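If you read the sequence from its start, that first residue is 1, and numbering goes on from there. Please read all numbers here as calculations on a predicted model, not as lab measurements.
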Amino acid sequence: MVNDAVNFKEKAFYDAIVRFDEDDQAREYYYKVMESLTGRKNQNGTDETVRDRVLKAYAVLFCEEYQLEPGQPAGLDEVAETADRLYIGSMGYDPNHWYRMKHHFPVIDFDNYDRFAALVIADMNAGPLHEAAINDGETLVVGEADPLHMTAEQRKNQKIKSVTM
């Protein structure tokens with residue numbers, strides 16, 4: 001029963017992020033969740049929020065080349081510079097595979113970098129990425145930085161890794 005409640009909350013959070021731009025209630029729910037406390041403390045002794053936790057998870061999973069300190073959250077620059085490296089299932093320029101384009105994030109900026117990070121983490125926990133990983137073995141793929149400016153040869157030879165939770 002507890003797992004069902006947790007899964008429902010995670011799914012509701014994912015749905016709120018997806019509907020963020022067109023639904024005031026979704027936007028309110030998103031902010032309520034992101035500002036809620038986790039019951040843990042940050043390194044500086046302040047109460048940790050879900051937003052802090054999401055950005056820390058994003059940093060661990062996708063920002064390894066930035067050599068952030070353990071427990072340090074991803075910031076705007078780290079999220080913006082890694083967003084173009086995330087693909088669903090396989091590499092490609094098809095919006096169905098390119099994660100941020102599929103989810104309509106043409107620009108990652110101060111207003112939405114934490115929402116993008118939350119979308120990725122929530123998707124891995126309770127969204128279609130989670131379902132695809134369980135049912136089809138399809139996961140989020142991390143490619144090289146800046147695929148739009150690669151040559152065809154560079155794209156063909158890039159290193160990739162799958163990420164699962």
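Linking ILVMFWY side-chain heavy atoms closer than 4.5 Å, directly or via other members, places Val60 and Leu129 in two distinct hydrophobic clusters. At a threshold of 4.5 Å between side-chain heavy atoms, the hydrophobic network of Ile, Leu, Val, Met, Phe, Trp and Tyr places Phe110 and Tyr30 in one connected group.
Atom CD of Glu22 has more than 12 neighbouring heavy atoms from other residues, nucleotides or ligands inside a 6.0 Å radius.
A distance of 7.5 Å separates CZ in Arg85 from SG in Cys63, rounded to the nearest 0.5 Å. Distance CE/Met124 to OH/Tyr58: 10.5 Å, rounded to 0.5 Å. Note that the CD atom of Glu78 and the OH atom of Tyr113 stand 9.0 Å from one another [nearest 0.5 Å]. The CG atom of Asp23 sits 9.0 Å away from atom CD of Glu28, with the distance rounded to the nearest 0.5 Å. Here the CG atom belonging to Asp111 is positioned 9.5 Å from the CG atom belonging to Leu76, to the nearest 0.5 angstrom. With rounding to the nearest 0.5 angstrom, the OH atom of Tyr14 is 12.5 Å from the NE2 atom of His130.
Summarising the geometry of Ile121 relative to Ala57, their closest heavy-atom pair is CD1-CB, 4.0 Å, with the distance given to 0.1 Å. Summarising the geometry of Asp114 relative to Leu55, their closest heavy-atom pair is CA-CD2, 4.2 Å, with the distance given to 0.1 Å. Nearest approach of Thr49 to Met34, heavy atoms of both residues: CB-O, 3.5 Å. Taking every heavy atom of both residues into account, Thr82 and Glu65 meet most closely at CG2-OE2, 4.0 Å. Scanning both residues, Asp47 and Asp52, for their nearest heavy atoms gives O-OD2, 3.9 Å. The two residues Leu68 and Ala74 make their nearest non-hydrogen contact at CD1-CA, 4.3 Å.
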(request) Step by step, work out the side chain to side chain contact (heavy atoms under 4.5 Å, CB included) result for Asp77 and Tyr66. (result) CA-CA 10 Å; Asp77 293 337; Tyr66 293 97; over 6 Å; no
(request) Apply the test side chain to side chain contact (heavy atoms under 4.5 Å, CB included) to residues Arg100 and Asp84: give CA-CA distance (whole Å), side-chain angles for both, the deciding distance (0.1 Å), then the verdict. (result) CA-CA 7 Å; Arg100 81 178 184 104; Asp84 286 338; 2.2 Å; yes
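Screening Lys41, Lys56, Arg40, Gln43 against Glu48 for a side chain to side chain donor-acceptor pair (under 3.5 Å) leaves a single residue, Lys56. Exactly one of Tyr31, Tyr29, Phe13, Phe116 qualifies for a ring-ring contact (aromatic ring centres under 6.0 Å, His included) with Phe20. That residue is Tyr31.
There is a side-chain donor-acceptor pair under 3.5 Å between Asp123 and Tyr99.
Between the side chain of Thr46 and the backbone N or O of Asn42 there is no donor-acceptor pair closer than 3.5 Å.
A heavy-atom distance below 4.5 Å is found between the side chains of Asp21 and Arg115.
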